[in-house]
Every structure is written in C-alpha cells, then in structure tokens.
Amino acid sequence: MQLNEQNILSALKAVQDPDLHKDIVELNFVQNLKIEGTKVTFDLVLTTPACPIRDRFKDQCISIVKGLGASEVEVTLTSNAGRVGDAPEQPQVSFLGEVSHIVGVASGKGGVGKSTVTANLAMALSLSGARVGILDADIYGPSMGLMFGIDKDPQVFEDNTIAPVEAKGGISIVSMCMFAGSEKATIWRGPMASQMIQHFLNRVRWGKLDYLLVDFPPGTGDIQLTLTQNCPMAGAVVVTTPQEVALADCRKGLAMFDSVGVPVVGVVENMSYFICDGCGKHHNIFRQGGGERIAKNWGVPLIAKIPLEPAVADCGDEGVPAVLRYPNSESAKAFLQAADAVVRTLSVFKSVGDGVLKNFNYAFDELPEEDV
Amino acid sequence: MIQPKKVFRTKDGKLGFEWNDGTRGVCSARELRLACPCALCVDEHTGEKLLDNSAVPDDIKLERVQSIGRYAAGLSFSDGHRSGIYPYDKLKELTKNA
Ligand SMILES: Nc1ncnc2c1ncn2[C@@H]1O[C@H](COP(=O)(O)OP(=O)(O)OP(=O)(O)O)[C@@H](O)[C@H]1O
Ligand SMILES: [Mg+2]
Ligand SMILES: [Zn+2]
Ligand SMILES: [Zn+2]
C-alpha cells in the first residue's frame with residue numbers, strides 16, 4: 001500500500017475515541033501529518049492533556065501506520081489546552097484575541113446570497129470607519145476571491161501562520177481560493193475541511209480588527225458546528241430568501257446558533273423583490289412576507305430586505321461589492337441598513353449582558369415561588 | 001431589547017417574569033396556552049386563529065420554560081403542546097396585566 005496522506009488518514013479512522021464515539025480523524029485529532037519517504041510524523045491533538053487513554057491512542061496509531069509500510073512513525077501527543085508529555089515546544093497560536101467582534105453569516109440553504117451579504121456588509125462596515133476582516137470559511141466553494149477581485153497570495157511566515165490579503169476597502173481577507181497556486185503554503189492545502197478550519201481560526205495574523213465576518217459554507221452540518229464551537233462569536237446573521245423552502249432552512253440556521261449559545265443579530269432577507277432593468281419597477285417574484293414571518297415567529301429582528309438587482313450580481317462578478325460600486329442603489333442602502341443594525345445590536349448584546357438570562361431551561365415546578 | 005432577568009411562578013401556578021427594564025408580571029398557564037402563536041394554533045399566512053379555546057382544559061399547567069435564542073421563550077404545557085415560541089415582547093405584553 002502506498003504511503004500517502006489519504007491512505008494514512010483513512011487507516012487511522014480505525015482508532016475510536018470511546019468517550020466521544022467518533023474516530024480520531026473525524027474528531028480532527030490528527031494534525032501536522034508529514035511523510036518523508038517511509039518516515040511518518042504527526043500530532044495527536046487531544047481535547048484534554050489528561051486524556052486517560054492517550055498512550056493507547058498513540059500505540060494504536062503507530063502500529064496502524066507501520067502496517068501501511070512506514071519504517072518509522074513519530075506521534076506527538078498534544079492537547080488544545082497545551083502540550084502534554086515531553087515533546088519539544090511548538091507555539092499554539094490564535095490571533096482571534098485581537099478581534100473585537102466575530103460575526104457569523106450563515107444560512108441553512110445554499111445559494112441564498114450569504115457571500116454577497118458578507119462582502120457587502122464588510123464593505124459597509126469598512127466605509128463607516130471600522131477595521132474589517134472576512135474569513136471565507138466555505139472551503140469547497142470559496143467566493144471572496146471573485147467578489148473582491150483578489151489576485152494575490154497571502155504572505156506565509158516561518159511558523160506556518162499567514163497574513164490576510166488586503167482587498168478593496170482595506171478589508172483583510174482569507175479565503176481558500178488564495179492557496180491554489182502557492183508553493184509555500186503546503187499546510188494550507190490539507191485535504192480535510194475541518195483541519196483547514198482550525199488553521200483558519202488559529203493561524204491567521206488578523207491584527208487588530210473591529211469586525212471579522214465569517215462567511216459560512218451552506219448547510220448546518222459538522223463544519224458549521226465546528227466553526228460555531230471553536231470561534232468565539234459575538235453574534236450571527238442568518239440569510240434567507242422569501243421562499244418557503246429557504247425559510248425552513250433558515251429555522252435550522254437559527255436553531256444551530258441557538259444550540260451553541262451564539263445570539264442571532266437578525267435575519268437578512270435577500271432577493272426580497274426584483275428591481276426590473278426594463279421598467280425600473282419592483283416586481284415580487286417570490287411569495288412575500290417570508291422574512292417577516294420568521295422574524296415574528298422567532299422574535300428575531302428582520303434587519304434588511306435586499307432586492308434582487310442585476311447590479312448586485314454584476315458586482316459579484318466584477319470583484320467590487322455593490323455598496324462600493326453603486327452606493328445609491330436600493331441594495332446598497334439595504335446593506336448599509338443591515339450593517340448599522342449589526343453594529344447597534346452587538347453593542348446592545350454587550351450592554352444587556354449583565355444580569356439577564358441568556359440560556360435557560362426550567363421545569364415549571366422547580367421555579368422559585370414568588371409574588372408579583 | 002427586552003430580556004428576562006428572572007423567571008418565577010406564583011402560588012396559584014402562574015408564570016412570572018422579571019424584565020431588564022425593572023418591571024415584573026405574571027400570566028396564567030391557560031391564558032398563555034390560548035395565546036400560543038405556533039403554526040398549529042394560528043394560520044401562518046392569514047393570521048386566523050385555529051385553536052379552539054374550548055378544547056384547552058381549564059386546569060392546564062405549564063411544564064417547562066426554555067429560552068429560544070436571545071429573543072424568545074418556548075413553553076411546554078400539560079396537554080402535550082410544546083411548539084409555541086413566545087417572543088419576549090409578546091410575553092411581556094401577556095404578563096402585563098397581572
Ligand atoms: N440581491 C441580489 N441581487 C442579484 N443577485 C444576487 C443577489 N444576491 C446574490 N445574488 C447572486 O446570486 C448568486 C449566489 O449568491 P452567493 O454566492 O452570495 O450565495 P451563497 O449563499 O453564498 O451561495 P453558496 O451557498 O454557494 O455559498 C451569485 O451569483 C450572486 O451574485
Ligand atoms: Mg457562499
Ligand atoms: Zn418590469
Ligand atoms: Zn400552538
């Protein structure tokens with residue numbers, strides 16, 4: 001059998017974590033896999049340094065990889081909380097601490113305009129004077145390269161951290177599309193999405209930012225959950241279109257953020273109505289009121305209704321967000337309104353933070369008995 | 001943004017909230033049940049009420065109170081109904097007239 005990353009990772013799937021009921025590859029424990037001839041080295045990043053079965057994991061891994069034909073296998077045990085054992089020091093870095101507000105932009109359904117909304121929100125925030133970054137977390141379908149017309153590679157440092165690329169409007173961007181042609185960025189071309197997400201979260205030198213927008217991949221699966229769990233989000237924006245199918249998925253998006261305790265800033269209804277090139281009038285092509293209904297049902301604010309405007313799509317293709325290119329368009333005004341709501345709501349979240357109940361689940365009988 | 005600071009019950013089984021604007025209020029389980037905004041109780045499109053008040057037991061009780069995001073609470077009732085999501089501003093309205 002050939003010794004390559006794919007074979008090794010699929011063989012290592014045989015090692016199960018008995019507590020988490022998942023295999024170590026799925027759990028993203030295997031990192032920094034390097035193959036030199038028949039010598040294989042990698043890290044096992046455990047959830048806790050005190051993992052009681054860590055030596056068993058290590059022994060299992062070594063015998064599995066040797067079984068594939070490796071002459072030498074070196075496994076370094078580490079944990080998210082710090083290095084364990086007597087392995088040499090390696091900095092575990094995250095630069096998210098310098099970011100004041102991380103905001104997720106997500107939807108249950110694909111193609112509703114998350115990336116368009118992310119790009120325009122970022123531009124609107126930047127125009128208002130904030131320092132803004134975008135993390136394009138859509139590993140398999142990155143959009144930010146196109147939406148901002150980026151043709152640069154990011155700078156890769158010795159320690160495998162990178163600097164984001166500065167795009168139009170001074171926005172710092174990291175996207176999968178930047179690594180396609182880069183020779184240096186080998187660890188940035190790993191095969192696994194979940195590992196890539198970890199790199200994105202830990203190894204990007206964002207510098208000081210007021211807002212970092214995270215463009216989510218479509219759906220509400222494992223990757224989305226990894227993102228919400230590993231990234232301290234101040235809030236989330238959920239994008240939908242007015243159609244019934246999108247609304248059902250929008251609820252899933254809301255529920256996902258709810259399940260991890262990330263407060264939703266609001267819902268953006270995209271493609272709410274059509275501004276006709278021909279007659280300039282508004283045409284409702286989808287059933288109306290979907291966004292309002294979601295907002296009313298969940299008590300979540302509807303922060304903007306973005307029209308379907310050919311100019312918005314053209315901007316996406318030309319690499320300039322509509323907010324910058326056509327600041328007087330109805331879409332641009334709606335995006336500015338959404339950005340404004342994001343800024344205000346995040347500060348409200350902060351100010352009402354003290355003494356209010358955020359997550360609770362009470363049995364009625366166990367509530368304290370009081371008078372009015 | 002209206003947010004709960006405390007959830008309590010009264011001796012006679014009403015649900016009470018203390019809000020972040022300093023006000024307090026309570027509402028009976030039956031009144032809350034009758035006001036359920038879920039799609040089974042209210043037609044989503046027309047807003048027409050589908051719930052038959054007389055089908056709700058007089059002695060209905062609350063079983064659970066749970067946060068849904070940052071803007072609403074979900075209530076579970078003793079008749080098995082648990083699909084209602086009550087935005088805090090609606091709850092504040094309902095608990096206003098104690
Ligand atoms: N308001 C709008 N008016 C016109 N075109 C739009 C609008 N919003 C999005 N589009 C177009 O719709 C397409 C999909 O948008 P976008 O890529 O932003 O969606 P997405 O939700 O990020 O998709 P994916 O799920 O694939 O990530 C793009 O071609 C974009 O230009
Ligand atoms: Mg996208
Ligand atoms: Zn027309
Ligand atoms: Zn109901």
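Per chain, numbering begins at 1; letters A, B, ... match sequence-line order. Both backbone and side-chain heavy atoms feed into the values below; hydrogens, waters and symmetry mates do not. Quantities reported herein were computed from a predicted structural model and do not represent experimental measurements.
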Practice prompt. Test side chain to side chain contact (heavy atoms under 4.5 Å, CB included) on A:D371 and B:T10 and set out the steps.
Written response: CA-CA 6 Å; A:D371 294 329; B:T10 60; 5.9 Å; no
Discussion item. Walk me through whether A:F349 and B:R70 qualify under side chain to side chain contact (heavy atoms under 4.5 Å, CB included).
Written reply: CA-CA 9 Å; A:F349 283 155; B:R70 284 295 290 279; 4.1 Å; yes
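When heavy atoms are compared at a cutoff of 4.5 Å, A:S259 does not approach chain B at all. When heavy atoms are compared at a cutoff of 4.5 Å, B:L75 does not approach chain A at all. Of the two parts of B:Y88, only the side chain, counted from C-beta on, holds a non-hydrogen atom closer than 4.5 Å to a non-hydrogen atom of chain A. Interface remark: B:K90 contributes no atoms to any contact with chain A (heavy atom separation under 4.5 Å). Looking at A:V265, the atoms closer than 4.5 Å to chain B (heavy atoms on both sides) all sit in the backbone: N, CA, C or O.
Atom CH2 in A:W298 sits 15.0 Å away from atom OH in B:Y86 (nearest 0.5 Å). Here A:K296 contributes atom NZ and B:D89 contributes atom CG; the two are 11.0 Å apart, rounded to the nearest 0.5 Å. Atom OG of B:S83 and atom CG of A:N297 lie 11.0 Å apart (nearest 0.5 Å). Considering OH of A:Y362 and CZ of B:F8, their distance stands at 12.0 Å, rounded to 0.5 Å.
Contacts between residues 56-68 of chain B and chain A, counted as heavy-atom pairs separated by less than 4.5 Å, involve B:L62, B:E63, B:R64, B:V65, B:Q66, B:S67, B:I68.
Two residues are said to be in side-chain contact when any heavy atoms from C-beta on lie closer than 4.5 Å; A:E370 and B:R9 fail this criterion. Side chains of A:P263 and B:Y71 form no contact here, defined as non-hydrogen atoms less than 4.5 Å apart.
Of the residues considered (B:A73, B:G69, B:A39, B:A29), B:G69 shows the highest number of contacts with chain A, using heavy-atom pairs under 4.5 Å.
Across every non-hydrogen atom of A:V372 and B:G25, the tightest pair is CG1-CA, 4.5 Å.
Screening residues 211-266 of chain A for ring pair (Phe, Tyr, Trp, His ring centres under 6.0 Å), with sequence neighbours left out, gives A:H101-A:Y211, A:F216-A:F257. Annotation: ring pair (Phe, Tyr, Trp, His ring centres under 6.0 Å) contacts involving residues 217-243 of chain A, sequence neighbours excluded, are absent.
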In a table with atom names and distances, give each donor-acceptor pair under 3.5 Å that connects a side chain of residues 332-340 of chain A to protein atoms at least two apart or in another chain.
unit_1 : atom_1 : unit_2 : atom_2 : d
A:Q337 : NE2    : A:I303 : O      : 3.4
A:D340 : OD2    : A:R344 : NE     : 3.3
A:D340 : OD2    : A:R344 : NH2    : 3.4

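The environment of CG in B:D79 is crowded: more than 12 heavy-atom neighbours from other residues, nucleotides or ligands sit within 6.0 Å.
The side chain to side chain contact (heavy atoms under 4.5 Å, CB included) test with B:Q3 singles out one residue from A:V348, A:V356, A:L357, and that residue is A:V356.
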